[in-house]
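Since the structure comes first, as structure tokens, the remarks are kept for the end.
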Amino acid sequence: MQIAIDGPASSGKSTVAKIVATKLGFIYVDTGAMYRVATVLTQKLGLDYSDEQGILAALKQADIQFKPDQAGQKVFLDNEDITLMIRTPEITNNVSQVSALAGVRTEMVARQRKIAAQGQVVMDGRDIGTTVLPTAEVKIFMVASAQERAKRRYAENTAKGIMTPLATLQAEIELRDQKDSTRVVSPLKKADDAIEIDTTQLTINEVVEAILVIVKQNM
Ligand code: C5P
């Protein structure tokens, strides 16, 4: 079984997808983290965020590893732990430019399908239901108001000591949504057969339970 969870920035996809995968014993794949690694690599090499050929060449040589741990997963680039680095504002605010490059997407989608071929998966992202796993048995499209998503990101950031004002976070989230929804290749879009869940008024547990009910109906 394949479960695709898509939706805009900070809609709670990763948190929920991780719990659903653990409860079902499925592999969890955070595809946003993969595009974030490509963005870190671009920055480290001093490449331009629009340098498609340069980024692709670097990606093909890079050793990228995701290792499950208690807090979710650790991310390594050429044996360096970049788990925290992929979530910094610099990377978050530039990832949409790197993920819009057609060649980068082709490379990432191939890697994502390879992982999915290894077993039952819960995969979260923007184009999983539409492009990466179009035949997934369960497709969820998670949404929440931009205000609520900014509030959640603010709470997360504060816990990590990042002090970006709430209004700035909301503006950044809206800009990223706009870039992700209007790009030419595989834009953020609800698949025709996806079930939409608005999480604005729901707790994490309520969303998890709603998805597990849908999964059982499709088993
Ligand atoms: O999910 P997350 O916010 O970590 O994703 C970071 C960025 O990666 C998104 O804003 C989007 O630009 C890109 N992305 C994508 N396709 C996916 C997952 C993420 O383009 N399947």
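Note that these values count all heavy atoms, side chains included, but never hydrogens, waters or copies made by symmetry. First listed ligand is number 1; within each ligand, the first listed atom is number 1. Being a predicted model, the structure only gives us computed values, none of them experimental.
Evaluated by nearest non-hydrogen atom to atom 21 (N) of ligand 1, the leading choice among Val104, Asp127, Asp30, Val29 is Asp127. For atom 9 (C) of ligand 1, the nearest non-hydrogen atom from the set Ile86, Asp180, Thr92 comes from Asp180.
In Leu212, the CG atom is crowded: over 12 heavy atoms of neighbouring residues, nucleotides or ligands sit closer than 6.0 Å. Dense packing is recorded around CD of Glu156, with more than 12 heavy atoms of other residues, nucleotides or ligands lying under 6.0 Å away.
The closest side-chain donor-acceptor pair between Arg36 and Thr92 falls under 3.5 angstrom. Between the side chains of Gln170 and Glu174, at least one donor N or O sits under 3.5 Å from an acceptor N or O. No donor-acceptor contact under 3.5 angstrom links the side chains of Thr203 and Asn205, judged on distance only. Side-chain contact annotation: Arg176 with Ser99, donor-acceptor N/O pair under 3.5 Å absent. Side-chain atoms of Thr39 and Asn94 include no donor-acceptor pair closer than 3.5 Å.
With a 4.0 Å heavy-atom cut-off, ligand 1 is reached by no atom of Ala9. Looking at Met34 against ligand 1, nothing comes within 4.0 Å, counting heavy atoms. Contacts with ligand 1 closer than 4.0 Å are made by no heavy atom of Gln112, backbone or side chain.
Of all atoms in ligand 1, numbered sequentially from 1 with element shown, those under 4.0 Å from a heavy atom of Val95 are 6 (C), 7 (C), 8 (O). Each of the atoms 17 (C), 18 (C), 21 (N) of ligand 1 lies under 4.0 Å from some heavy atom of Thr31. Ligand-side atoms of ligand 1 in range of Ser99: 11 (C), 12 (O), 13 (C), 20 (O), range being under 4.0 angstrom from any heavy atom.
The distance from the CD1 atom of Ile86 to the OH atom of Tyr35 is 14.0 Å, given to the nearest 0.5 Å. The CD1 atom of Ile214 lies 4.0 Å from the CD1 atom of Ile195; values are rounded to the nearest 0.5 Å.
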Practice problem: Tell me, with the steps shown, if Arg153 and Thr158 meet side chain to side chain donor-acceptor pair (under 3.5 Å). | Solution: CA-CA 9 Å; Arg153 181 51 57 94; Thr158 310; over 6 Å; no
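The protein heavy atom nearest to atom 4 (O) of ligand 1 is Arg36 NE, 2.7 Å. In terms of protein heavy atoms, atom 2 (P) of ligand 1 is closest to Arg126 NH2, 3.6 Å. Residue, atom and distance of the protein heavy atom nearest to atom 19 (C) of ligand 1 are Gly32 CA, 3.5 Å. Among all non-hydrogen protein atoms, the one lying nearest atom 6 (C) of ligand 1 is Arg176 NH1, 3.5 Å. Nearest to atom 16 (N) of ligand 1 among the protein's heavy atoms is Arg105 NH2, 3.0 Å.
Assignment of Arg87 to the shell around ligand 1 is supported, since a heavy atom sits closer than 4.0 Å. Not a single heavy atom of Met108 sits under 4.0 Å from any atom of ligand 1. Taking 4.0 Å as the cut-off, Lys179 does not count as a neighbour of ligand 1 on heavy-atom distance.
Residue Tyr35 places no N or O, backbone or side chain, under 3.5 Å from any N or O of ligand 1.
The main-chain N or O of Val132 is found under 3.5 Å from a side-chain atom of Arg113 such that the two form a donor-acceptor pair.
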